[in-house]
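So the structure is just underneath, and the comments pick up after that.
Quick note: numbers below take in every heavy atom, side chains included, and nothing from hydrogens, waters or symmetry partners.
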Amino acid sequence: MKKIFSKIKFFIFSTLFIIFSFCAISQDVDVSAANPDFPQVVTVAGPNTPITIHSTGVSGNVFWGITGHNSVPGPSCPSSSASTETYDCNGVHVVIPVHSTDVGVPVSSGGHPENDGTISFPGPLTPGQIITITLTVTSASNPALTQPRNYVIKVVKPRDVMLVLDRSGSMSTITSGSTPPTSRWNALRTAVSLFMDQYESFHISGDRIGVTFFDTHADMPPPTAPFNTSFYNVTNSNAGDPNSSKNKVLSIIPGNPSSGSTAMGEGVLGGNGKFPNPLVNQPATLLFSDGIQNTGVMINYSTGSDGSPAGSLPGTHAGTTPINLTGGKIFTVGFDAPAEASALLGNIALNNGGGPNGYQNTQTGDASDIALANLFNNTIPNLLSGGSPQLVDVRRGVFGNSQKSIVETFTVNKSINKLFFEVVGLGYATISSVKHNGVEKISTGNVIHGQGYVAFADSLSNADSSQGDWQITAMPYYGELASAGNIQGSNYFVSATVDDHLVDYKCGSGNNSFKVGDTFKPSVQLQYIGRTIKNATIKAIILKPGDDLGDLLARSNINVDTSSGADLSVAEQKYQALLKDSTFLNKLKATNQVVNLTYRASDSTYSGDYQFNDISGVYQVIYMVDADDPVTGKVLRYNQQSIYVRFPDVNIDSSNAVLTATAQAGISTLTFRPITSTGRFVGPGWGNTIGLSGNSIQLTNMIDNGDGSYTLTISGDTTQNVILTIGGDTTYNGQLQNIGKGGNSNPIGGEIWKEWWFWLIVILILIIIIWSASKKKNP
């Protein structure tokens, strides 16, 4: 039994990883140098070779000391006296050098292994715990020469990330806004390549990647080895290695999408089925889809669960089986698309652990390859949870007609051991210079070239300080272009991402889902090792759609051929046709509003208010953090999230609802054009979210007419009470035969004369009238 327990204990320790700011097995403390006092970090796996700490900078002897800190979240470490020889706290074992058993006796400085300090991790370690240790070294001859070395240990587990990618027929659609034009599938390939570059740059030992596709069914095509049944270890970035994790992933992505339909539910369930049982690493799924689910297992729009049990009409959403079988988080990325296509992805993330930052969608009217790459870039910090990596900033621009290069400068704080800069949108580009505080650093890192982008990754050594300005210069590689005009006038973005486990910021939304009329409460928590950073300047930039897309589609008289493009809904076909009209595009252009967040001492949160007054659609929320912390220096952070704001309540009595009996007994049709309380049409594309329930009533067919109206085929007695829902909200509650006749009993209406309270009110009114009349007669 002891042997079994020992093996289990070793296995657990081996899967827990300590994340710190740079990789090293030995470190130096320079006693005489003016070293900044901030935490040092190292990546180690549980039972490991101890970290050795040398002392340098003085010719004589030195004293060592250990101090424990209690000021951070997690299990507390007791304080220790400066003369303690050994120190143990929550699985961390520290030994300082002494002569024999004499504690507090000075030892020789530098060059003497027996006089080095050590830190080891024998365990047990608990994921999520934070441990802080400070080692000090002081010159015996000059006590004024002393240096601390702070260690902050965050325990996390490695991750299994499953990419679930939509390969349906709609992925052959040309993206709007791309220069030169490219298909959604090619844009996705570029975005996945960028994703893998960052994953490799910021991975920890034990991280793995999996890939699966879906069109009409899951595993279409079946991924080849090693992704057919398992995950693949994430490797260090190496473009020339065919066995690198990035190249392995790219090698199995087909050159073209299929012509099939969109079985989104089966795709997610298929990806979940490839996680090991029992789980070893933290599971996370990244779902990408560009369209409305239209076959197979239907995901419930409102709850993010399996909503189509055998025998029910897709869209009625009666099922409750979770699609998140592993209990891990699901993150979603989508292309600009109308109606349910965008809203559903947001609900999947919200209801399956991804949270308010788990959903990314291109802005309405912009589905370019640049926009999609930016979304995957935004997803990385949220997907690789555990406090790191973090976006410093994203800069956008248009490459000018006479421009030769772009230059961007990013300010980075202390305690950063890895940096990643990427430039997207200059074709085959190159980064010609990377300067840190004016000193050229390009030779210390790795320039990574990809189709449509270039990146620079760098790991800093012990001696480097990340603090200060990093200037990036990039330019198109004109030798590979027919002319410079191929990229002039093109959009681009430049981003900076860092590996920081000490600064932590969380962006929230105050609510999981929104509709027109709701109040949005953006909020940010900003901390450094558990200590709130106050006096920061934080703002939320709200990008609001220029107009209501659903209403525009409903009112447009453009005709589309619904017999073609089987994987595109009528709403998507209409939308794609209208995108060619510049007048239509101009109506969708987003407007920006800045919400300044103020600090609340009551909950140590920065917060603000914004109301979604009138327009439904995809809103982008960009959080910008600017703080000056006395310990870590200037901290800049960037976080972007997408929010789908749904239409307000539908006014069924204004929706031209017409119930018609058919020649077939017991079968009727209901046609209506949903219009909201604000007078805007809901629009096409919401058919999958329409539900009808009631005794002896069954919805047997639904047709989206493309003009915002829907025709439902209904089987059953029309005198029965029914509940009609759209997007999860009740639109009508009453007898089916009274729909559209002022008979809605939700929230008021219907046959209220049958209600007892109605007659009570009538009687009270009559009593008041009679009493008033009698008072006039008898003054």
Side-chain angles (χ1 to χ4, degrees), residues 163-193 213-216 220-221 253-264 267 287-295 332-345 360-376 425 451-452 490-491 545 549-550 552-553 556 558-582 584-585 588 617-618 642 644 683-685 687-688 704 706:
L163 302 180
V164 179
L165 307 178
D166 185 349
R167 189 177 168 258
S168 61
S170 58
M171 288 297 291
S172 61
T173 304
I174 299 301
T175 59
S176 60
S178 294
T179 305
T182 186
S183 70
R184 292 176 175 180
W185 183 251
N186 286 336
L188 176 63
R189 288 172 59 90
T190 297
V192 170
S193 180
F213 309 96
F214 66 91
D215 50 33
T216 306
M220 297 294 288
I253 298 180
N256 296 294
S258 73
S259 58
S261 301
T262 304
M264 186 188 302
L287 165 65
F288 170 83
S289 182
D290 75 324
I292 295 177
Q293 56 181 346
N294 50 29
T295 190
T332 59
V333 174
F335 264 126
D336 166 36
E340 185 206 357
S342 297
L344 175 64
L345 290 175
Q360 300 284 336
N361 201 93
T362 56
Q363 185 69 35
T364 302
D366 179 15
S368 65
D369 50 347
I370 304 295
L372 186 63
N374 184 44
L375 296 189
F376 274 77
Q451 183 62 43
S490 297
N491 295 316
L549 178 58
L552 289 176
L553 292 178
S556 172
I558 189 172
N559 294 318
V560 295
D561 181 7
T562 56
S563 64
S564 62
D567 188 48
L568 288 174
S569 70
V570 61
E572 290 177 291
Q573 291 182 64
K574 199 170 186 179
Y575 181 44
Q576 290 300 317
L578 286 169
L579 284 175
K580 300 173 185 177
D581 182 353
S582 59
F584 176 79
L585 273 175
L588 296 174
V618 177
S642 301
Y644 188 87
N688 276 348
D704 184 340

### Query
Atom CD1 of Ile292 and atom OG of Ser261: how far apart are they, to the nearest 0.5 Å?
12.5 Å
### Query
If you take all heavy atoms of Ala191 and Ala373, which pair is closest and at what distance?
CB-CA, 4.2 Å
### Message
Within this structure, what is the CD-CG distance for the pair Gln293 and Asp166, rounded to the nearest 0.5 Å?
### Response
11.0 Å
### Query
Does Leu372 reach the side chain of Thr175, with side-chain heavy atoms less than 4.5 Å apart?
no
### Query
Are the side chains of Leu578 and Ser556 in touch, meaning some heavy atoms are under 4.5 Å apart?
yes
#### Entry: Heavy-atom side-chain proximity of Leu188 to Asp290 below 4.5 angstrom
no
### Query
For the side chain of Gln360 and the backbone of Leu375, is there at least one donor-acceptor N/O pair under 3.5 Å apart?
no
### Query
Out of curiosity, Ser170 OG to Glu572 CD, how far, rounded to the nearest 0.5 Å?
6.0 Å
### Query
So which of Thr262, Asp215, Thr295 actually passes side-chain hydrogen bond (donor to acceptor under 3.5 Å, both in side chains) with Ser168?
Thr262
### Arg189 side chain to Asn256 backbone, donor-acceptor under 3.5 Å
no
### Task
First locate atom CG of Leu588, then atom CD of Gln363, and finally report the distance between them rounded to the nearest 0.5 Å.
9.0 Å
### side chain to side chain contact (heavy atoms under 4.5 Å, CB included) assessment of Leu345 paired with Met264
CA-CA 10 Å; Leu345 290 175; Met264 186 188 302; 4.2 Å; yes
### Message
Please give me the minimum heavy-atom distance between Ala337 and Ser342, naming the atom from each residue.
### Response
O-OG, 2.7 Å
### Task
Kindly compute the distance separating CG (Asn688) from CG (Leu344), expressed to the nearest 0.5 Å.
8.5 Å
### Query
When rounded to the nearest 0.5 angstrom, what is the spacing between CZ in Phe288 and CZ in Arg184?
7.5 Å
### Side chains of Pro338 and Leu553 in contact at under 4.5 Å (non-hydrogen atoms)
yes
### Message
Applying side chain to side chain donor-acceptor pair (under 3.5 Å) to Thr362 and Asp336, what does each step give before you reach the verdict?
### Response
CA-CA 5 Å; Thr362 56; Asp336 166 36; 5.1 Å; no
### Query
What heavy-atom pair brings Gly550 and Pro684 nearest, and what distance separates the two atoms?
O-CD, 4.0 Å
### Query
Where does the angle between the aromatic ring planes of Trp185 and Phe213 fall among parallel (under 30°), tilted (30 to 60°) and perpendicular (over 60°)?
tilted
#### Entry: Min side-chain heavy-atom separation Tyr575-Ile558 under 4.5 Å
no
### Query
Heavy-atom distance under 4.5 Å between the side chains of Met220 and Ser258, does that happen here?
no
#### Entry: Any side-chain heavy-atom pair of Gln451 and Ser193 under 4.5 Å
no
### Task
Might you work through the side chain to side chain contact (heavy atoms under 4.5 Å, CB included) test for Leu163 and Val192, ending with a clear yes or no?
CA-CA 9 Å; Leu163 302 180; Val192 170; 4.1 Å; yes
### Query
Considering only heavy atoms from C-beta outward, does the side chain of Phe214 approach that of Leu287 to under 4.5 Å?
yes
### Query
Looking only at heavy atoms, what is the nearest atom pair of Gly425 and Ser490, with distance?
O-CB, 4.1 Å
### Summary
Heavy-atom closest pair (Ser642 atom, Val618 atom, distance to 0.1 Å) is CB-CG1, 4.4 Å
